[in-house]
Amino acid sequence: MSQPDSSPAERYDAQAIQEKWLPIWDELTPFRSGQPGDDRPKKYVLDMFPYPSGDLHMGHAEAYAIGDVPARYWVLKGFDVLHPIGWDAFGLPAENAAIKRGEDPARWTYENIATQRASMRRYACSFDWDRVLNTCDPEYYRWNQWFFVRMFERGLAYRKPSNVNWCPNCQTVLANEQVVGGLCERCDTAVTKKKLTQWYLRITDYADRLLDDMEQLEGNWPDKVLTMQRNWIGRSTGAEVNFAVEGREQPVTVYTTRPDTLFGATFFVVAADSDLAAELAAGAPALVQRQFAEYVEQVRATSDIDRLSTERPKTGVFLQRYAINPVNDERLPIFAADYVLADYGTGAIMAVPAHDQRDLDFARAFDLPVRVVVDTEADDPAITGVATPGDGALVNSGPLDGMAKADAIAHITALLEAQGQGAAAKNYRLRDWLISRQRYWGTPIPIIHCPSCGEVAVPDDQLPVTLPDSQGLDLSPKGTSPLGGATHWLSVPCPSCGSPAQRDTDTMDTFVDSSWYFLRYLSPQLDSAPFDVQQAQQWLPVDQYVGGVTHAILHLLYARFFTKVLHDLGLVEVQEPFARLLNQGMVLMDGSAMSKSRGNLVRLSDELAEHGVDAIRLTMVFAGPPEDDIDWADVSPAGSAKFLARAWRLAGDVTSAPGTDPANGDLTLRRVTHRVIAEADAAIASSRFNVAIARVMELVNAVRKAIDTGAGPADPAVREAVEAVAVLLSMVAPYTAEDMWQRLGHQPCVALAGFPVVDPALLVQESVTCVVQVDGKLRQRLEVSPGISADDLRELALADDVVQRTLAGRSVRTVVVREPKLVNIVAGD
RNA sequence: GCCCGAGUGGCGGAAUUGGCAGACGCAGCGGACUUAAAAUCCGCGGCCGAAAGGCGUUGCGGGUUCGACUCCCGCCUCGGGUACCA
């Protein structure tokens with residue numbers, strides 16, 4: 001209506017505002033944290049750091065827009081907020097890209113970092129730019145090596161030969177966690193097995209703590225992530241049982257979670273690819289030896305993907321050897337089969353086909369007996385082909401007969417223990433963390449191999465072991481580390497005896513880098529230690545961690561493990577690094593993940609150029625709950641820009657002076673303002689950022705109305721409301737908010753203006769709408785005083801015309817009164 | 001197969017402890033302003049009805065309750081995780 005003349009200068013110009021404020025903020029550095037003398041209480045808000053593969057993309061834009069809300073929120077609430085950023089800069093993609101372009105991986109990486117860094121600054125998150133780190137800097141990875149040596153000294157880092165996951169494309173080994181559905185996590189190539197001697201970190205020593213400490217995270221981490229970690233660690237309890245084997249001196253131990261079914265064992269299986277299988281086969285007749293050799297060959301040739309296929313028929317070879325069941329001295333035929341895994345438990349099992357589906361499938365394939373020992377009241381598995389794993393009374397089980405599962409387990413375990421034939425035992429799915437990589441662009445493993453001293457750690461004062469220049473090295477994947485070609489770098493005297501020795505040529509898994517980066521941020525320049533222990537005490541744990549759910553197992557499990565190791569080393573007090581975790585969703589386009597090959601790629605730089613930084617950030621945060629995916633086809637950055645312009649214009653309409661006391665302002669508007677502040681506050685505190693924005697939009701609508709058709713632009717309540725809009729908006733749209741703040745007559749920075757304080761008196765409504773239901777159906781609304789008594793409200797409702805008409809003479813059976821908001825009248829006949 | 005999670009208008013989504021379903025926004029429609037358009041501002045938005053009013057409604061079927069998007073039981077659909085872990 002009464003729009004003021006909009007001269008060109010009065011038009012909202014997102015790009016101009018960005019250019020105007022960025023240099024000013026660079027100068028004012030409002031987000032420096034941990035300055036000496038700063039006695040604000042501390043908060044640590046952490047975003048997962050980016051991998052520098054090209055420029056920032058839509059996914060980054062979402063993640064960092066979301067992470068910035070709690071960071072800026074706590075600043076407004078008066079906290080000294082540590083909100084750092086850095087680059088996860090080592091790794092295969094950088095190296096592969098470098099090989100493709102014939103470039104130095106270091107140069108390629110640092111150029112990408114420079115690009116991302118510039119984009120990140122324009123994106124205007126509240127980062128403390130004094131704390132930036134790159135994991136590929138020697139000043140950083142030196143401490144990876146330092147930690148490795150500490151673990152090596154304690155036996156937590158060790159080398160062992162094993163059948164490892166091998167990616168034929170990346171030409172390197174992979175940790176279990178990096179094999180996804182039989183495919184390489186990075187390049188989707190089918191993973192094969194290879195026998196290699198590799199470095200491991202003994203994460204299995206921490207399995208119980210990693211599992212049990214999750215209790216502390218309950219409610220503060222997404223349930224989904226906790227469940228995934230629990231499943232991954234996969235603790236099970238049961239017993240180990242020793243079986244004598246005919247013609248073998250030592251008994252063979254099996255692990256079972258069902259020792260109660262011991263009397264139901266009818267055969268025995270060893271993993272085909274285990275040493276034990278080879279040994280047992282060697283003692284078998286020649287024909288069996290040939291069959292076995294053929295079978296193992298066939299198993300080896302089966303790819304992991306084929307092994308994963310469901311309903312694969314059971315295969316195996318009878319070794320013509322026998323194990324003796326310790327509880328009843330029965331002779332059990334021993335088979336080699338691939339459904340038993342060499343590296344879980346002991347690689348050998350007792351097979352109880354009646355009560356285990358896999359054993360039953362095998363028994364039916366090989367025509368082996370099935371003996372029921374638990375009466376579950378289900379049909380006979382031998383006939384149905386369906387094993388009965390449930391509970392029930394034990395039968396055919398000698399001393400266990402009549403007992404239920406739990407009793408029988410306790411009983412038989414004690415019995416075996418007494419006879420020295422077994423013991424209670426736990427097992428884990430989790431394996432030790434394989435960290436060797438046969439690639440160039442990573443942290444060199446700080447070990448020197450000496451012919452006489454063996455594995456010798458590089459002394460601390462010789463760290464870091466820096467990467468040799470990539471010039472002249474063959475970086476192409478060939479199955480052994482490129483570092484082996486750096487002859488000058490390779491040969492060193494043994495630190496222990498001085499004789500000629502060689503460096504280890506492998507580099508570390510890059511997940512080592514990200515396992516402790518949140519600690520390095522605390523003192524990124526420190527060169528006498530990985531981090532300042534005092535600082536760690538002040539800042540840890542991270543109050544809010546924000547990142548994608550893709551890291552639910554890998555990164556988060558490793559970082560938790562590192563934290564516990566550092567705790568044991570006396571370096572950190574906490575046992576858990578991340579107190580709260582928020583998993584933001586992904587940005588999709590037309591229902592699927594964006595990719596070049598799909599042709600549905602939306603370029604962040606295009607979106608920013610068209611709509612401005614603030615509009616993109618607002619769109620990301622307003623689209624829905626932060627953990628949900630955003631389909632870019634469903635949202636409207638243009639709508640966001642429109643809203644920002646509308647909010648921005650309000651600032652130009654305010655005619656009262658800065659500092660005007662709002663006390664005498666329009667009461668209706670003031671009530672809206674204070675309700676919005678309170679509700680936005682609560683919404684942000686519970687990570688419902690989209691709701692907080694909806695409230696601010698309500699306030700903007702209310703102020704617009706007040707200016708145009710109500711209190712008018714000079715009313716103090718209008719200023720109060722628009723200032724609240726500016727401050728609240730600064731959490732998602734910092735440029736617009738800062739410009740509004742200036743137009744309102746204030747000095748920068750709005751980010752430090754403080755969270756608007758709610759006047760509780762203004763939250764109390766002078767009247768509330770009471771809904772009156774008859775038989776649960778809404779029939780009338782009454783305006784009543786908030787303090788109305790139950791009796792008064794009942795009378796008022798019953799006396800109402802509409803209510804009486806609806807009752808139409810029927811009797812009133814009950815009246816439920818929830819003063820002051822609801823009355824429900826239940827009618828009789 | 002097993003383990004989680006989710007189903008609300010044309011769309012994204014909202015709804016303290018069970019208490020006005022659909023906040024806020026997008027798209028749409030109508031109006032004001034304008035010579036006109038853009039921009040802006042206002043309004044509408046499940047169905048029937050001119051209106052008053054009435055009826056319906058949170059994936060489906062049951063249950064608990066004065067009252068259920070919310071709690072319980074049984075299904076259906078979709079999404080995610082996992083994959084012979086003895």
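Chain identifiers are assigned alphabetically (A, B, ...) following the order of the sequence lines, protein sequences preceding nucleic acid strands; residue numbering begins at 1 within each chain.
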Euclidean distance for [atom1], [N] against [M] (whole angstrom):
N      : M      : atom1 : result
U64(B) : C48(B) : C1'   : 34 Å
C75(B) : C4(B)  : P     : 15 Å
A23(B) : U16(B) : C1'   : 15 Å
C20(B) : G81(B) : P     : 37 Å
A68(B) : G19(B) : C1'   : 10 Å
A36(B) : G31(B) : P     : 13 Å

Just call it for [X]: base, sugar-phosphate, or nothing, with non-hydrogen atoms closer than 4.0 Å on any strand.
X       : answer
V771(A) : base
Y428(A) : nothing
V635(A) : nothing
N701(A) : sugar-phosphate
N690(A) : sugar-phosphate
R695(A) : base
Q773(A) : base
T257(A) : sugar-phosphate
S640(A) : nothing

Whole angstrom is fine here: how far is it from [atom1] in [X] over to [atom2] in [N]?
X       : N      : atom1 : atom2 : answer
L430(A) : U82(B) : CG    : P     : 15 Å
D629(A) : G12(B) : CG    : C1'   : 13 Å
L728(A) : C24(B) : CG    : P     : 17 Å
Y12(A)  : U40(B) : OH    : P     : 13 Å
R649(A) : U40(B) : CZ    : C1'   : 6 Å
N824(A) : C66(B) : CG    : C1'   : 5 Å
R429(A) : A86(B) : CZ    : P     : 10 Å

OG1 on T736(A) to CH2 on W648(A), rounded to 0.5 Å |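 One gets 9.5 Å once the value is rounded to the nearest 0.5 Å.
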Calculate, to the nearest 0.5 Å, the distance between atoms CG and CG belonging to L644(A) and D614(A) respectively.
->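 Result: 6.0 Å between the selected atoms.
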Going by number, which of residues 800-807 of chain A have a non-hydrogen atom under 4.0 Å from RNA chain B?
->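 Contacts with RNA chain B under 4.0 Å: none.
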Heavy atom of residues 776-784 of chain A under 4.0 Å from RNA chain B: which residues?
->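 Result for residues 776-784 of chain A: K777(A), R779(A), R781(A), sorted by number.
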Mind checking which stems touch RNA chain B? I mean at least 3 consecutive Watson-Crick or G-U pairs, both distances under 3.5 Å.
->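 Stem segments, range with range: B:1-7 with B:76-82, B:10-12 with B:24-26, B:28-32 with B:40-44, B:46-48 with B:53-55, B:59-63 with B:71-75.
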Name all pairs fulfilling the side-chain hydrogen bond (donor to acceptor under 3.5 Å, both in side chains) condition that reach into residues 225-234 of chain A, sequence neighbours left out, sorted by first residue then second.
->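 Sorted pair list: E177(A)-W232(A), E218(A)-R230(A), Q229(A)-R560(A).
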Among residues two or more places apart or on two chains, list those pairs meeting side-chain hydrogen bond (donor to acceptor under 3.5 Å, both in side chains) that have a residue in residues 618-628 of chain A.
->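 Listed by first then second residue: T619(A)-S640(A).
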Please list, chain by chain and in numerical order, all residues satisfying side-chain contact (heavy atoms from CB on, under 4.5 Å) with T806(A), sequence neighbours excluded.
->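 Listed in chain order: V774(A), R779(A), V802(A).
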Just wondering, do V327(A) and I412(A) contact through their side chains at under 4.5 Å, heavy atoms?
->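 With C-beta onward as the side chain, the pair touches.
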Any P353(A) side-chain heavy atom under 4.5 Å of T266(A) side chain =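 In short, these two side chains touch, coming nearer than 4.5 Å.
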With respect to the phosphate group of [N], does any side-chain polar atom (N or O) of [X] fall under 4.0 Å of OP1 or OP2?
X       : N      : value
R704(A) : C42(B) : no
Y344(A) : A86(B) : yes
R646(A) : C41(B) : yes

Output, in order, the C-alpha distance, side-chain angles, deciding distance and verdict of salt bridge (Lys or Arg N to Asp or Glu O under 4.0 Å) for D653(A) and R649(A).
-> CA-CA 7 Å; D653(A) 290 347; R649(A) 256 181 266 117; over 6 Å; no
Base, backbone or nothing for each nucleotide of nucleotides 3-11 of chain B, written B, S, -, heavy atoms under 4.0 angstrom, 5' to 3'?
-> S-------S
From the options [options], select the nucleotide whose nearest atom is closest to the side chain of [X].
X       : options                : value
K642(A) : G19(B), C26(B), A14(B) : C26(B)
S236(A) : A86(B), A15(B), U40(B) : A86(B)
K705(A) : A86(B), G43(B), G19(B) : G43(B)
D338(A) : C84(B), G12(B), A23(B) : C84(B)
D628(A) : G25(B), G19(B), G13(B) : G13(B)
T256(A) : A86(B), C26(B), C66(B) : A86(B)

Residues forming a ring pair (Phe, Tyr, Trp, His ring centres under 6.0 Å) with Y295(A), sequence neighbours excluded |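 Y295(A) satisfies ring pair (Phe, Tyr, Trp, His ring centres under 6.0 Å) with no residue once adjacent residues are dropped.
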With sequence neighbours left out, what residues match F622(A) under ring pair (Phe, Tyr, Trp, His ring centres under 6.0 Å)?
->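 Once residues adjacent in sequence are excluded, F622(A) has no partner under the ring pair (Phe, Tyr, Trp, His ring centres under 6.0 Å) criterion.
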Could a donor-acceptor pair under 3.5 angstrom be found where the side chain of K314(A) meets the base of C84(B)?
->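 Flag set: donor-acceptor pair detected.
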Taking only residues at least two apart or on different chains, which pairs with a member in residues 675-695 of chain A satisfy salt bridge (Lys or Arg N to Asp or Glu O under 4.0 Å)?
->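 Checked against salt bridge (Lys or Arg N to Asp or Glu O under 4.0 Å) - neighbours excluded - the pairs reaching residues 675-695 of chain A are K77(A)-D681(A), R675(A)-E679(A), R675(A)-E698(A), E679(A)-R695(A), R695(A)-E698(A).
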Quick one: list whatever passes side chain to side chain donor-acceptor pair (under 3.5 Å) with T550(A), sequence neighbours left out.
->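 Partners of T550(A) by the side chain to side chain donor-acceptor pair (under 3.5 Å) criterion come out as none, since no residue qualifies.
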Counterpart residues, side chain to side chain donor-acceptor pair (under 3.5 Å), relative to T253(A) (two or more places apart) =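 By the side chain to side chain donor-acceptor pair (under 3.5 Å) rule, T253(A) matches N242(A).
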Identified side chain to side chain contact (heavy atoms under 4.5 Å, CB included) counterpart of Y428(A) within the set L210(A), I203(A), T204(A), D208(A) |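 Going through the options one by one, the only one that passes is D208(A).
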Taking the six-membered ring for Trp, are F362(A) and F366(A) parallel (under 30°), tilted (30 to 60°) or perpendicular (over 60°)?
->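 Aromatic pair F362(A)/F366(A) classed parallel.
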